[in-house]
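A short write-up of the structure that comes next.
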Amino acid sequence: MNKIKAILVDDEESARDVLENLLIRTSNEIEIIGKSNGVIDAVEKIKEFQPDVVFLDVQMPNYAGYEIVNFFSQINFEIIFVTAYDQYAIKAFELSAIDYLVKPINRLRLQEAVEKLALKLKQTDALASYQNLYQTIKDKEFGTIIISELGQKKI
């Protein structure tokens with residue numbers, strides 16, 4: 001299985017480093033492909049690297065983490081909020097976030113969030129595969145079917 005590509009977004013460098021270390025110790029499924037100290041930088045990295053998930057702090061200077069959705073016409077990545085404030089949980093789930101982790105991060109909760117994320121990504125991949133198969137079958141026009149019977153081809 002391919003690793004889950006992640007970008008970490010937090011205005012505090014130490015918080016990004018702690019989360020990175022926890023992710024490395026908790027799961028070998030996550031590959032950290034970028035880190036950002038704010039929403040604007042994160043938007044640029046997301047557009048460039050196309051992550052599967054963004055671990056996103058809520059309270060940052062200039063823009064709150066949940067405002068990141070305003071910079072995209074389509075959200076094609078998952079979000080896991082990581083914050084010291086639990087009062088934003090409802091807002092996070094309104095944005096269909098995979099999970100909401102409160103700092104200091106409990107390693108077991110982080111593992112649960114990663115497992116939830118992995119399951120959602122597998123389901124999304126399976127759905128895309130089925131849709132591709134359906135479209136391929138739908139677009140093909142089969143005029144002739146050849147059946148092999150006892151070594152002979154029959155039309």
Side-chain angles (χ1 to χ4, degrees), residues 1-140:
M1 181 179 128
N2 291 338
K3 289 197 174 215
I4 298 168
K5 299 181 299 182
I7 291 180
L8 313 182
V9 184
D10 197 306
D11 59 318
E12 296 176 28
E13 184 177 6
S14 61
R16 290 189 306 269
D17 292 343
V18 166
L19 179 55
E20 179 178 25
N21 287 328
L22 281 171
L23 283 167
I24 289 168
R25 291 179 185 166
T26 302
S27 174
N28 60 0
E29 292 183 78
I30 302 282
E31 176 187 1
I32 297 162
I33 59 171
K35 294 192 234 176
S36 295
N37 62 1
V39 170
I40 299 300
D41 184 55
V43 167
E44 291 172 14
K45 282 187 170 69
I46 291 166
K47 288 179 179 178
E48 180 180 353
F49 298 121
Q50 300 294 304
D52 300 307
V53 64
V54 175
F55 287 85
L56 186 61
D57 186 19
V58 174
Q59 281 204 326
M60 294 183 286
N62 301 322
Y63 294 98
Y66 56 81
E67 291 180 284
I68 201 165
V69 298
N70 298 330
F71 292 89
F72 296 92
S73 57
Q74 180 181 1
I75 303 298
N76 57 359
F77 54 90
E78 301 298 332
I79 298 172
I80 295 177
F81 283 100
V82 182
T83 184
Y85 307 95
D86 60 2
Q87 70 260 33
Y88 296 104
I90 292 171
K91 184 70 172 171
F93 290 108
E94 285 174 356
L95 298 175
S96 300
I98 290 285
D99 214 330
Y100 189 93
L101 303 172
V102 178
K103 297 175 188 174
I105 300 166
N106 177 300
R107 197 165 157 189
L108 182 58
R109 278 286 297 122
L110 178 60
Q111 183 177 349
E112 289 171 0
V114 170
E115 288 170 1
K116 216 187 293 188
L117 169 66
L119 180 62
K120 171 105 187 261
L121 292 174
K122 284 176 190 167
Q123 290 170 341
T124 302
D125 286 348
L127 180 60
S129 293
Y130 289 131
Q131 288 172 336
N132 261 348
L133 177 61
Y134 173 76
Q135 196 61 45
T136 300
I137 292 169
K138 186 178 168 190
D139 291 346
K140 298 264 185 199

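Side chains are part of it too, since the values below use all heavy atoms of this structure and drop only hydrogens, waters and symmetry mates. The first residue in the sequence is number 1, and the count goes up from there.
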Asn76 side chain reached by Gln50 side chain, heavy atoms, under 4.5 Å: yes

Does some side-chain heavy atom of Val9 sit less than 4.5 Å from a side-chain heavy atom of Met60? yes

Less than 6.0 angstrom from the centroid, inside 45 degrees of the normal: does Lys47 satisfy that with respect to the ring of Phe72? yes

Within this structure, what is the CG-NZ distance for the pair Asp52 and Lys120, rounded to the nearest 0.5 Å? 12.0 Å

Holding to salt bridge (Lys or Arg N to Asp or Glu O under 4.0 Å), I want the full list of residues that pass it with Glu12, two or more places apart in sequence or in another chain. none

List the steps and the verdict of side-chain contact (heavy atoms from CB on, under 4.5 Å) for Leu23 and Phe55. CA-CA 11 Å; Leu23 283 167; Phe55 287 85; 3.8 Å; yes

Sidechain N-carboxylate O distance under 4.0 Å for Lys45, Glu48: no

If the threshold is 4.0 Å, N to carboxylate O, is there a salt bridge linking Lys35 and Asp17? yes

Can you confirm whether Tyr63 is buried at OH, in the sense that more than 12 heavy atoms of other residues, nucleotides or ligands lie under 6.0 Å from that atom? no

Between atom CD of Glu31 and atom CG of Asn2, what is the distance when rounded to the nearest 0.5 Å? 9.5 Å

Side chains of Val53 and Ile98 in contact at under 4.5 Å (non-hydrogen atoms): no

Does a side-chain heavy-atom distance below 4.5 Å link Val39 with Asn62? no

Within the side chain of Arg107, is there an N or O that forms a donor-acceptor pair under 3.5 Å with the backbone of Arg25? yes

Check: Lys5 side chain, Ile33 main-chain N or O, donor-acceptor pair, under 3.5 Å: no

So how far is it from Leu110 CG to Ile105 CD1, rounded to the nearest 0.5 Å? 6.0 Å

To the nearest 0.5 Å, what is the distance between CD on Glu78 and CG on Leu117? 6.5 Å

In sequence, state the C-alpha distance, the side-chain angles, and the governing distance for Arg109 and Asp99, and then conclude on side-chain contact (heavy atoms from CB on, under 4.5 Å). CA-CA 9 Å; Arg109 278 286 297 122; Asp99 214 330; 2.7 Å; yes

Rounded to the nearest 0.5 Å, what separates atom OG in Ser36 from atom CD1 in Ile68? 8.0 Å

Under the side-chain contact (heavy atoms from CB on, under 4.5 Å) criterion, do Lys103 and Leu19 qualify, and how do the steps go? CA-CA 10 Å; Lys103 297 175 188 174; Leu19 179 55; over 6 Å; no

Would you please classify the geometry between the Phe81 ring and the Tyr100 ring as parallel, tilted or perpendicular, with 30° and 60° separating the classes? tilted

Can you tell me which residue among Leu101, Leu56, Asp10, Asp57 is in a side-chain contact (heavy atoms from CB on, under 4.5 Å) with Thr83? Asp57

Interatomic distance, CD1@Ile75 vs CG@Asn70, rounded to 0.5 Å, equals 8.5 Å

